[in-house]
Amino acid sequence: MKTILACITFSVLLLSCKTDTAVAQQTTLIEPEIEQKVEDLLSRMTLEEKVGQMNQYNGTWDVTGPPPTTGDNANKYEALASGKVGSMLNVLGAEATREAQEIAVEETRLGIPLIFGYDVIHGYKTIFPIPLGEAASWDLEAIKKNNTIAAKEAASAGIHWAFSPMMDVSRDARWGRVMEGAGEDPYLASKVAVARVQGLQGEDLSDLNTVAATAKHFAGYGFVVAGLDYNTTEINRNTLLNMVLPPFKAAVDAGVATVMNSFNDVNGIPVTGNAFLQRDILKGDWGFKGPILSDWNTIGEMTINGYAADLKDAAYKAATGGTDMDMETRGYEQHLVELVEEGKVDEALIDDAVRRILRVKFQLGLFEDPYRYSDSLRENQNTYTEENRAVAREAARKSIVLLKNKNDVLPLSKDLGSIAVIGDLADDKDTPIGSWRAQATANSAVSLLEGVKAAVNDGTEVHFAQGYTLAIGDRAFVNELTFADDDGSDIPEAVRLAQNSDAVIVAVGEEAFQSGEGRSQTDISLKGKQLELLQELKKVNDNVVVVLMNGRPIAEPWMYENMPSILETWHLGTEAGNGIADVIFGDYNPAGKLPVSIPRSVGQVPIYYNHVSTGRPNATPGQPEMVFWSHYTDEEKTPQYYFGHGLSYTTFEYDNLKLSKDSMKMGEAATVSVEVTNTGDRAGEEVVQLYIQDVAASTIRPVRELKGFEKLMFEAGETKTITFELNEEVLGFYGADETFKAEPGEFKIMVGGNATDVLTESFSLNEK
Ligand code: NOJ
């Protein structure tokens, strides 16, 4: 239904229209109406105006990339008035977005509104767990809800477009942006991507509480060689089709409004100029109708890559390669009109790009009312509310993975005489909000220390000791973090405290800016004196609870092998401390599962559960001393913890794996069921995971790959039967001929609570 707000374009009038009733009002246009309006507007645009729509400028409120050295950077507002700009990023707040919008709407010939984009990665002002942590919840409804709130907060502050979700499958813990995705599995990443898109976009983009989402970074960015950010990639076609692209396809099928491309090349061609990926696959095969936004300066960077001779050549290659909007290069602004006039770029390509951009603007309702999202009243009312924080707390505890709980150290009683809380990170109110913190206030998270103090009963004493010092100084955009020159002098005090306390909670890991964009590391172990501290604490107290706070998997074998109980808590956002305390004291029974493998050492990286089998996976039978098999001579080749691993305060038993039939013909379906019993004495959730292996196929297939999961609550003693369907979609893959299909032959069907502890059955798929 089309409902046009009465207060059309006059900002003065709008102020009085922006009441809560406005929230309910929509400006939904049906698709043919949008298409007609797009065509009508396009037919009235000059070439210069069209190219203006393809240009995105950075505001001055946030810096998320290096500013351009060419073009009109000095006076951005003049550029807006001359119609050179179709979109801005990093213009923040209702007032600032309204001010910029007024120029675009009132001073340009056609008054086409700007679309404002921003990195709303895991929240806007209320911060949710980092995306990797959020994925560890395997809770799609919760993920959707978090994103619904992030969208509402951002949209209330004038943002139309969130540059998320990142859906790059990543296997390399050295890469700082591993924190921003859903981990190493394309199936989980696809499900999570769809939940995030649905949460951000809702049912209707014109709803005042939703924003356009961005599937990024298309494609292959998670495979940067050696985990080095912005590096090249080596991705074969098999990996591209089966590992890299599926989350993007899932997001497109779920109606994601926009796509952002990536810094890397695929097969030697930078994605920004890669017509095969952008035109043939994304816009062609998948029928994607929205705009592809370049990543920051990726057009300009093609000249540095050595793929374009100069900026004009780069603009040519990007436009013909399918990139519709230029983020911060000014390559389109400076050269596209000329390229069309010279006959090098067909104007039809420009029209196609502009159609895509205008389409989103119409879908958002910006032509009916360009100021509808820029509303200070809503910005104040809707951001950082009690309600939003309650959801963030729920999200925080759902994201925690109990890695280890020897002798049931956890949960702790709230009535202990004394608890020692130790570690620089335990008292840190900033780190939990991470490096992609959008508009969160610095130091605004609930620290672990605060969470513990709030949770215990009156008689329990909580004492803090720093134990070590992690990083100091201004950390946000500096090249290297200054790890404090820690001489270990805080350790003795921490040890004394641990000695005299009934329980010890020690936080170790990474500080906020150790992971994220531009933050690759060659060493993924604990920095500074943290390990030494753990070793000293262990000597004096057996009940040490390690709380890991980190953006990437941490390789620290001594810790995993010797500390009795370990919680993986990532960077959990605004409510971190409360969420962790909920788990530590048993108010919440942890149910998170790892979305990535945790390596034993950086030398194992890249390590991922869904690898293919080598021809020599095991030692020669009867001759274990022989070296001729795929292994390391100085290290196990298995990870410290597998993908899918995560314990609970209760225990689960898997039994009775049953196939409805042990073979089926193409076109048929079968089911596999399993009985899962909560064998402990408290209620808990379990993520039941289905894996398959195609035993022999036209290309080698992973030894196991996730194909389904269900997260369910079990009362103590309760048994549930969980059933998964087996069909060609589940069994299929892109094989030697690069088409998606299931191939006849034998399959292993595996079900369990992680990737390795599974029950297995054989199943065969036959020709019709
Ligand atoms: C570069 C990042 O790669 C991308 O994810 C982000 O959206 C843009 N900068 C804008 O900040």
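Start at 1 and go down the list; that is how both ligands and their atoms are numbered. What you see is a predicted model, and the numbers here were worked out from it, not measured in a lab. For this chain, numbers begin at 1 and follow the sequence in order.
- Among Leu80, Leu114, Ile115, Val91, the one residue that satisfies the side chain to side chain contact (heavy atoms under 4.5 Å, CB included) test with Gln101 is Leu114.
- Looking at Gln56 against ligand 1, nothing comes within 4.0 Å, counting heavy atoms.
- Of the N or O atoms in Glu180, none lie within a sub-3.5 Å distance of an N or O in ligand 1.
- Asp326 contributes atom CG, which lies 9.0 Å from atom CG of Leu336 (distance to the nearest 0.5 angstrom).
- Below 3.5 Å of separation, one finds an N or O of Asp295 facing an N or O of ligand 1.
- Aromatic ring centres of Phe643 and Trp138: separated by under 6.0 Å.
- Aromatic rings of Phe128 and His122 (six-membered ring for Trp) have centroids beyond the 6.0 Å cut-off, not under it.
- Within the 4.0 Å heavy-atom cutoff, Phe263 counts among the residues contacting ligand 1.
- In the vicinity of Met260, heavy-atom distances shorter than 4.0 Å reach the ligand 1 atoms 4 (C), 7 (O).
- The nearest protein atom to atom 6 (C) of ligand 1, hydrogens excluded, is given as Asp119 OD1, 3.2 Å; this is a heavy-atom distance.
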Trace of the side chain to side chain contact (heavy atoms under 4.5 Å, CB included) decision for Leu282 with Ile292
CA-CA 9 Å; Leu282 179 55; Ile292 302 179; 3.5 Å; yes
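- In this structure, Met166 falls outside the shell of residues with a heavy atom less than 4.0 angstrom from ligand 1.
- For the pair Trp296 and ligand 1, the shortest N or O to N or O distance does not fall below 3.5 Å.
- Interface of Phe163 with ligand 1, defined as ligand atoms under 4.0 Å from a residue heavy atom, comprises 7 (O).
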Start with the C-alpha gap between Thr258 and Phe163, add the side-chain angles, then the distance that decides, and say whether side chain to side chain contact (heavy atoms under 4.5 Å, CB included) holds.
CA-CA 9 Å; Thr258 76; Phe163 297 148; 6.0 Å; no
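- Between Arg437 and Asp119, no side-chain nitrogen of the basic residue sits less than 4.0 Å from a carboxylate oxygen of the acidic one, so the salt-bridge criterion is not met.
- The environment of NZ in Lys283 is crowded: more than 12 heavy-atom neighbours from other residues, nucleotides or ligands sit within 6.0 Å.
- Counting heavy atoms closer than 4.0 Å to ligand 1, residue Leu89 contributes side-chain atoms (C-beta onward) but none from N, CA, C or O.
- Distances between N or O atoms of Lys216 and those of ligand 1 include at least one value under 3.5 Å.
- Any N or O atom pair closer than 3.5 Å counts here, and Trp436 shares no such pair with ligand 1.
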